[in-house]
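Structure first, then comments.
The chains referred to below are lettered A, B, ... by the order of the sequence lines, with proteins before strands, and numbering in each begins at 1. Computed from a predicted model, the values in this text were never measured in an experiment.
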Amino acid sequence: MVRNFEILTKNEIIQARAQLKSWFISNQRPLPWRDSPDPYATWLCEIIMQQTRIDQGTRYWQSFIAKWPSFESLATADSEEIMKTWQGLGYYSRARNLHKAAKIVANDWRGDLPTSAKSWQQLPGVGPYTSAAIASICFGDPSAAIDGNALRVLSRWAGIHEPIDKPTGRKPIEKLAGEFLDISDPGMHNQAVMELGALLCTPKAPNCEHCPLNENCKSRVEMVGQTPIAPVKAGKIKVRRVALTFHVIVNENKVLMRQRPSQGIWGGLWEFPSCWIDSESDDLEKNQLPPLNNRQGLHETGPIVEPFEHILSHRKLKVTFQSWRSNAAFHEKDMKWFRWEDARKLPIPRAIEKNWEELENSMPKQQFS
DNA sequence: AAAACGTGGTG
DNA sequence: TCACCAAGTTT
């Protein structure tokens, strides 16, 4: 049964709105993009911060702003350099969509930026949350931006115990978010809700004592350190274990790299030709990607770095590096030979990047170079 | 509607 | 070691 909530009265909502605003004005963090929020900086920030911690994403935002300060400069940037700058942030489709979106803004919109959330959502990588954030912060569009923080804050405040990742829980939260929104300053209000979630209404052990919404919060905990029931989630992701072998194939002073397809894990990044064996799959053969069709001319020179675990959102990888000496320079699809110093400049997964020094040093200097 | 998509931090 | 989470979107 879907709970309807006149749990919070109109007056309670109005009062809470003012208290939240007051709290935000005196307690917000001095984040760099709040200095002068233009649409480009804000859009860039919102894309980077999707599913990302502020302290991790901030470095990337600063790098992008420094290299490409406008939609126009980003639109004409080299896509490989964009991927390299994004390297280590994860969810790499965001980086490809970033470039696509910049081109649309620069070439199609011609600097004539729309002001509504609905319009911004036309850009690839800009969904319901991001479009509302941009439109409200930059143009005062009255759209509620509902991110993970907002879901947590609002579900707790109203005591919604339906799963927030299903319509039964999501819909009442959206309704409440719309009623709660401060139409006199939607941008500030949206940021205030998120800031509250980030600073006080934290996932674990929220600081209810100092919360501006604590008077009528249905999830207020009495004891410090307690965690409310809300938000409830239904979804559970299953993580599969995979044995991943990177084949480090060298020919004279060069190493063979492969560009991964744009879809799927590490889409668009470069790697050492890899072999994936899903231990939970019935069909091992089908899940093995032979790194090379023709292995003639390859001479195995053994494992190089200690095998280690690398966690993705849906995979638990056991990563091994296998080295080979090659007599012939293969030319296979999506593969290319690079000098080590050039290969290092390619956008590569963290699982490889973290071990690069050790990998390069473990390969003996070639006598042919 | 549900699954896929990275990485790093935390308890 | 594990589970959960972080300014979600795409298919």
Side-chain angles (χ1 to χ4, degrees), chain A residues 28-29 31-34 37 41-61 83 86-98 100-101 120-134 136-137 144-153 163-168 170 187 190-199 201-206 225 227 231-242 244 260-269 271 309-319 347-354:
Chain A
Q28 65 168 310
R29 294 166 292 179
L31 301 177
W33 48 87
R34 304 227 251 233
T42 303
W43 162 75
L44 181 63
C45 174
E46 295 302 341
I47 300 295
I48 287 176
M49 297 307 167
Q50 286 169 8
Q51 297 290 282
T52 302
R53 288 193 148 74
I54 297 297
D55 51 10
Q56 189 195 8
T58 301
R59 300 188 293 274
Y60 287 83
W61 181 81
M83 294 303 288
W86 195 274
Q87 175 180 295
L89 239 198
Y91 288 152
Y92 296 95
S93 65
R94 289 184 294 167
R96 292 191 303 277
N97 285 334
L98 192 77
K100 283 185 203 164
W120 280 91
Q121 205 169 332
Q122 295 176 117
L123 295 178
V126 177
Y129 160 74
T130 304
S131 60
I134 296 170
S136 66
I137 292 171
I146 306 178
D147 73 328
N149 287 307
L151 287 172
R152 187 171 59 255
V153 167
I164 61 169
D165 51 356
K166 293 193 165 285
T168 54
R170 181 86 196 195
N190 280 332
Q191 294 184 78
V193 174
M194 293 187 279
E195 197 77 339
L196 182 60
L199 298 183
C201 195
T202 48
K204 290 170 190 169
T227 299
V232 174
K233 291 184 181 176
K236 69 278 176 214
I237 62 166
K238 48 185 166 192
V239 179
R240 311 179 71 162
R241 295 170 186 276
V242 175
L244 168 59
R260 298 182 56 82
S262 58
Q263 299 293 324
I265 293 169
W266 297 327
L269 300 189
E271 63 170 0
E309 284 214 319
H310 186 85
I311 312 293
L312 306 178
S313 55
H314 287 65
R315 299 282 186 279
K316 180 175 287 189
L317 308 176
K318 181 77 170 184
V319 182
I348 53 179
R350 279 292 282 152
I352 292 177
E353 209 280 334
K354 278 192 292 191

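Using a 4.0 Å heavy-atom cutoff across all strands shown, A/Trp33 reaches at least one base atom of the nucleic acid. Within 4.0 Å (heavy atoms only), A/Arg260 reaches no atom of the nucleic acid at all.
Side-chain contact check for A/Gln191 and A/Arg34: at least one donor-acceptor pair (N or O, by modelled atom type) lies under 3.5 Å. A/Arg152 and A/Asn149 share a donor-acceptor pair across their side chains, judged by distance under 3.5 Å alone. A donor-acceptor contact closer than 3.5 angstrom is absent between the side chains of A/Tyr129 and A/Gln50.
C/dT11 and B/dG6 have their P atoms separated by 13 Å, with the value rounded to a whole Å. Here, B/dC5 and C/dA7 have their P atoms 23 Å apart, quoted to the whole Å.
Side-chain contact between A/Trp86 and A/Leu98 is present, with heavy atoms from C-beta onward closer than 4.5 Å. Counting heavy atoms from C-beta outward, A/Ile146 and A/Pro128 have side chains that stay 4.5 Å or more apart. Put simply, the side chain of A/Arg94 reaches to within 4.5 Å of the side chain of A/Leu89, judged on heavy atoms. At a threshold of 4.5 Å between non-hydrogen side-chain atoms, the residues A/Arg29 and A/Glu195 count as touching. A heavy-atom distance below 4.5 Å is not found between the side chains of A/Gln87 and A/Arg350.
For the segment residues 123-133 of chain A, the set of residues with a heavy atom within less than 4.0 Å of an atom of DNA chain B is empty.
Atom-to-atom, CG of A/Asp147 to P of C/dA6 comes out at 9 Å; the value is rounded to the nearest Å. In this entry the distance linking CD1 of A/Ile47 with P of C/dG8 reads 11 Å, nearest Å. The CG-P distance, from A/Leu151 to C/dA7, rounds to 11 Å in whole Å. Rounded to an integer number of Å, the gap from CG of A/Asn149 to P of C/dC5 is 12 Å. Put simply, NZ on A/Lys318 is 13 Å from C1' on C/dT1, counting in whole angstrom units.
The salt bridge (Lys or Arg N to Asp or Glu O under 4.0 Å) test applied to A/Arg170 returns A/Glu174, not counting sequence neighbours.
DNA chain C is contacted by both A/Asn97 and A/Gln191; A/Gln191 maps to the nucleotide lying nearer its 5′ end (nearest heavy atom per residue).
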### Query
Which letters describe nucleotides 1-11 of chain B, given B = protein heavy atom under 4.0 Å from base, S = only from sugar-phosphate, - = neither?
SS-BBBBB---
